[in-house]
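Encoded as structure tokens, the structure appears first; notes follow it.
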Amino acid sequence: MTGRPVRVLLAEDQGMLRGALALLLGLEDDIEVVAQVAAGDAILDAALAHRPNVALLDIELPGRSGLDAAAELRARLPECRVLILTTFGRPGYLRRAMEAGATGFLVKDGPVEELAAAIRRVLAGGTVVDPALAAAALSAGPSPLTARESDALKASADGATVADIAARLHLSESTVRNYLSAAIGKTGTRNRMEALREARRQGWL
């Protein structure tokens with residue numbers, strides 16, 4: 001091996017999977033896992049402390065999503081390449097990951113050799129995307145929801161009333177109703193809970 005090993009940060013909330021990934025990647029001569037975190041809001045601090053070359057992030061994490069963390073890493077640590085590794089191969093997630101500055105997007109059921117190769121490729125300046133997912137994302141198109149419609153749907157996730165949502169988002173109740181109604185129409189569903197489920201299924205939230 002020549003040169004220094006690739007320094008990798010691993011963010012995964014399932015302890016057994018996180019440990020297995022770290023162990024398997026550590027068997028590669030040119031890869032070193034320098035930090036492991038279980039929550040999205042721990043990613044930036046760990047990255048600033050350990051200065052990884054590549055951050056390997058799950059999407060659905062406690063505290064903060066991997067997509068939000070990817071955008072923050074891009075702003076605060078632009079030299080760190082971000083590779084999203086997720087169970088959820090949803091077209092909307094891929095589009096949002098690329099918009100957040102990720103340079104790779106893989107689903108978790110691939111072999112570890114493929115993951116190691118993807119880490120090397122993004123570090124070399126390439127982009128790695130699961131081909132079937134890339135095709136699906138292109139055919140699906142962008143999310144039809146505006147940022148405010150998405151906010152209103154997310155705020156309704158715990159069964160909050162329109163008044164609760166209005167207070168959280170600092171909006172009037174009539175404006176919230178308009179956003180929720182638009183989101184229901186765009187998702188082709190009958191109510192806001194169905195709209196929320198469909199938007200999540202598509203990877204728009």
Side-chain angles (χ1 to χ4, degrees), residues 5-40 42-44 46-47 50-74 77-143 199-205:
V6 182
R7 296 168 60 79
V8 173
L9 177 149
L10 182 56
E12 165 60 57
D13 62 330
Q14 296 179 36
M16 189 177 292
L17 180 56
R18 186 174 66 250
L21 279 172
L23 184 65
L24 290 167
L25 288 173
L27 295 175
E28 301 287 327
D29 289 341
D30 59 342
I31 294 175
E32 179 186 3
V33 178
V34 295
Q36 299 179 48
V37 298
I43 290 170
L44 182 64
H50 296 277
R51 299 281 164 170
N53 306 116
V54 177
L56 191 58
L57 311 181
D58 191 8
I59 289 180
E60 298 199 349
L61 292 166
R64 174 160 227 201
S65 82
L67 297 175
D68 290 339
E72 196 169 39
L73 279 175
R74 183 186 187 185
L77 205 66
E79 67 273 19
C80 177
R81 312 288 281 178
V82 174
L83 183 57
I84 299 290
L85 183 66
T86 180
T87 307
F88 305 102
R90 296 170 183 164
Y93 277 167
L94 171 58
R95 192 175 288 272
R96 288 170 59 204
M98 295 299 143
E99 288 169 355
T103 50
F105 193 105
L106 295 174
V107 288
K108 288 179 184 174
D109 57 4
V112 73
E113 294 81 11
E114 186 179 294
L115 178 57
I119 288 170
R120 297 181 189 107
R121 209 172 315 150
V122 298
L123 187 65
T127 300
V128 182
V129 176
D130 180 273
L133 193 57
L138 285 172
S139 63
S143 169
R200 283 180 168 166
R201 189 183 73 78
Q202 293 285 353
W204 296 335
L205 297 182

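What you see is a predicted model, and the numbers here were worked out from it, not measured in a lab.
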Where is the tightest heavy-atom contact between Trp204 and Gly92, given as atom of each residue plus distance? CD1-CA, 4.3 Å

Evaluate the criterion side chain to side chain contact (heavy atoms under 4.5 Å, CB included) for residue pair Arg74 and Val82; output intermediate values, then yes/no. CA-CA 8 Å; Arg74 183 186 187 185; Val82 174; over 6 Å; no

Taking all atoms of both residues into account, what is the closest heavy-atom pair of Ala38 and Pro62, and its distance? O-CD, 3.4 Å

Please step through side chain to side chain contact (heavy atoms under 4.5 Å, CB included) for the pair Asp58 and Leu17, ending with a clear verdict. CA-CA 11 Å; Asp58 191 8; Leu17 180 56; over 6 Å; no

Does a side-chain heavy-atom distance below 4.5 Å link Ile43 with Leu61? yes

Minimum heavy-atom separation for Pro52 to Ala47, with atom names? CD-O, 3.3 Å

side-chain contact (heavy atoms from CB on, under 4.5 Å) test vs Arg51 passes for just one of Leu9, Leu77, Val34, namely Leu77

When Leu83, Ile31, Leu24 are each screened for side-chain contact (heavy atoms from CB on, under 4.5 Å) with Leu115, the one that passes is Leu83

Would you say that Met98 contacts Val129 through its side chain, given a criterion of any heavy-atom pair below 4.5 Å between the two side chains? yes

Nearest heavy-atom approach of Leu73 to Ala55 is CD1-CB, 3.8 Å

Here the gap from Arg121 atom CZ to Arg81 atom CZ, rounded to the nearest 0.5 Å, amounts to 12.5 Å

Heavy-atom nearest pair, Leu106 first then Ala118, reads CD1-CB, 3.6 Å

Derivation and outcome, side chain to side chain contact (heavy atoms under 4.5 Å, CB included), residues Val128 and Thr103: CA-CA 7 Å; Val128 182; Thr103 50; over 6 Å; no

Tell me whether Asn53 contacts the main-chain N or O of Arg7 through its side chain, where contact means a donor paired with an acceptor under 3.5 Å. yes

How many angstroms lie between CD in Gln202 and CZ in Arg95, if you round to the nearest 0.5 Å? 11.5 Å

May I have the step-by-step check of side chain to side chain contact (heavy atoms under 4.5 Å, CB included) for Asp30 and Arg120, ending in yes or no? CA-CA 9 Å; Asp30 59 342; Arg120 297 181 189 107; 2.7 Å; yes

Could you grab the distance from atom CD of Gln36 to atom CG of Leu10, nearest 0.5 Å is fine? 5.5 Å

Between Glu12 and Gln14, is there a donor-acceptor pair closer than 3.5 Å when you use the side chain of the first and the backbone of the second? yes

For residues Val54 and Cys80, report the shortest heavy-atom separation together with the two atoms involved. C-SG, 4.0 Å

Report the distance from atom CZ of Phe105 to atom CG of Leu67, rounding to the nearest 0.5 Å. 7.0 Å

Measure the CD-CG distance between Glu113 and Leu27 for me, rounded to the nearest 0.5 Å. 10.0 Å

Any side-chain to backbone donor/acceptor pair from Arg96 onto Leu205? Under 3.5 Å, distance only. yes

